[in-house]
Amino acid sequence: MYIVMISSECAPVAKVGGLADVVSGLSRELEIRGNAVEIILPKYDCMRYDQIWGLQVTYQDLWVPWFNGAIHCSVWFGFVHGRKCFFIDPHSGDNFFNRGAYYGFTDEALRMAFFTKAALEFMLKTNKRPDVIHSHDWQTALTPVLLFEIYKYHGMANQRVCHTIHNFKHQGVAGENILWATGLGRPDYYYAKDRLGDDFNHQAINFTKGGIVYSNFVTTVSPHHAWEVLNTDMGYGLGHTLYLHRNKFGGVLNGLDYDTWNPEIDRYIPHHYNVNDLEGKYRDKEALRHRLLLRQEYKPLIAYVGRLDYQKGVHLIRHALFYSIWNGAQFVLLGSSPEGGINDYFWHLKHYLNDNPDCHLEIGFDEELAHLIYAGADMIVAPSMFEPCGLIQMIAMRYGTVPIVRAVGGFVDTVFDKDYSDRPEEERNGFVFNNPDYQGIESAMSRAIGLWNLYPLEFKKLVLNGMRHDFSWNRPGQDYLNIYEYIRA
Ligand code: ADP
């Protein structure tokens, strides 16, 4: 099968979060299974160019219709860890992708609508006719709308779209200008509530809603989150639309790219290890402490890696840090926030705790350090308010690091409590709590720290159970292929 991914992120070249990992990991799996996969991305100035091989212009004069004129683009081609990637590079005063950051601009909807339009225009002009186009999140949710309202009539009538929603909180709500810019026009038609009309803002279109209504199939990133968005308020207002389209909606658990996340070969960690020999993990803990200037003492090391925002339960992450230090553990945090206030707060905390030999805060994005933390830590905390899938717990388990998570979204599908799960003992792999408050997280952390201190052999069982579980793309890859086959028919 021939599949084209249209995405605003792809690991490791343009990565903000899990979306990037999913696009690269799933593409790799699909290729291994004999499919042809291409990925279309914006050409950001801030990408990791050191991760692209053979970058060169492949299509010189792509004119993308935009408002009443057209924007001239070059399209670049390069390999990212073996994946075939095309990068859209517009030459216009808007300077859409040369701003030193991936996201966070006032014209975000316009930038991403342009990218989506350019990706389709590129496929049209270069005669790319994939069996399936797979779009991701609000940024590219206009893909099926543009395909079935415009490009279908220009020779792309046989293409099918699978759209994956990685995060319902961000939906892409914008005004009429998007319709005029992309050539869709006809505001009255698109504002209809059964098309793109946002249910809460009159005279606004909702990209994600368009993705749901127009796609041939819609997925979110775990079965439990699929249930949550249909049955609770976690759909952020899209529950009803999903309900109407429930026959083409489902949850597919994300996988992990086992090439990237593998403690046996990981080039970012100094000591390698596997489920039969954990010596390397203990030495990575020493190396991590050494790098972050933590004292070498017989204590558990607890970590957090990820974005610092409401979704991730920032107040509970902060509490986990203090709870760890107060209860004889060490804590390492790696993260950053797009919100200035949260970043400032964690910088303040970093200075406040600067001389504490039992904790370290690293504010920023650091792929290499993240690998060392996953390898060197004993436990990882993830007290999310909502979590569509979550990769951090799966990566942690792959590296023998025991997750302490809240029972939401993908965590429910992947982490099984040591004491309270109804799963057999050999599947239990972490600690789970329910209430998003201090007592909730403490109830799980105290059990985890207690087990580490008093029953190390029991703790090791959790480590090994996590490492043995298959979190690869093997099964989800097949699930996506089944969906592609289904919509192609
Ligand atoms: P998200 O909601 O951000 O997609 P996930 O748990 O699904 O959360 O995926 C997060 C991914 O981003 C993981 O690969 C994680 O290691 C990585 N990550 C997040 N923040 C950072 C950071 N500050 N430095 C390095 N890697 C990070």
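As the structure lists them, so they are numbered: ligands from 1, and atoms in each ligand from 1. Below, each value reflects all heavy atoms present in this structure, side chains not excepted, and no hydrogens, waters or symmetry copies. Counting begins at 1 with the first residue of the sequence.
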Taking the side chain from Glu108 and the backbone from Gly104, do they hold a donor-acceptor pair closer than 3.5 Å?
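Indeed, once roles are kept as given, a pair shorter than 3.5 Å links the two residues.
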Taking atom OH of Tyr310 as the centre, report whether more than 12 heavy atoms of other residues, nucleotides or ligands fall under 6.0 Å from it.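 No, OH of Tyr310 has 12 or fewer neighbouring heavy atoms, counting only those of other groups under 6.0 Å.
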Handout entry: side-chain contact (heavy atoms from CB on, under 4.5 Å) partners of Thr260, counting only residues at least two apart
Key =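 Thr260 satisfies side-chain contact (heavy atoms from CB on, under 4.5 Å) with Asp257, His371 once adjacent residues are dropped.
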Exercise. For Asp199, enumerate each residue passing the side-chain contact (heavy atoms from CB on, under 4.5 Å) test, keeping only those at least two apart in sequence or located in another chain.
Key: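 Scan of Asp199 (side-chain contact (heavy atoms from CB on, under 4.5 Å), adjacent residues dropped) gives Lys193, Lys209, Thr241.
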Check side chain to side chain donor-acceptor pair (under 3.5 Å) between Lys418 and all other residues, then give those that pass, not counting sequence neighbours.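 Result, side chain to side chain donor-acceptor pair (under 3.5 Å) vs Lys418: none returned.
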State, with a plain yes or no, whether a side-chain heavy atom of Val13 is found less than 4.5 Å away from one of Cys85.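 SC-SC contact between Val13 and Cys85 ruled out.
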Identify all pairs of nitrogen or oxygen atoms, one from ligand 1 and one from the protein, separated by less than 3.5 Å, and list them with distances.
from     : atom 1 : to     : atom 2 : distance (Å)
ligand 1 : 2 (O)  : Arg307 : NH2    : 2.8
ligand 1 : 2 (O)  : Lys312 : NZ     : 2.9
ligand 1 : 3 (O)  : Arg307 : NE     : 2.8
ligand 1 : 4 (O)  : Gly18  : N      : 2.6
ligand 1 : 6 (O)  : Leu391 : N      : 2.9
ligand 1 : 6 (O)  : Ile392 : N      : 3.4
ligand 1 : 7 (O)  : Leu391 : N      : 3.3
ligand 1 : 8 (O)  : Lys312 : NZ     : 3.1
ligand 1 : 9 (O)  : Gly18  : N      : 3.2
ligand 1 : 14 (O) : Lys15  : NZ     : 2.9
ligand 1 : 14 (O) : Asp21  : OD2    : 2.8
ligand 1 : 16 (O) : Tyr374 : OH     : 2.7
ligand 1 : 23 (N) : Gly364 : O      : 2.8
ligand 1 : 24 (N) : Asp366 : N      : 3.1

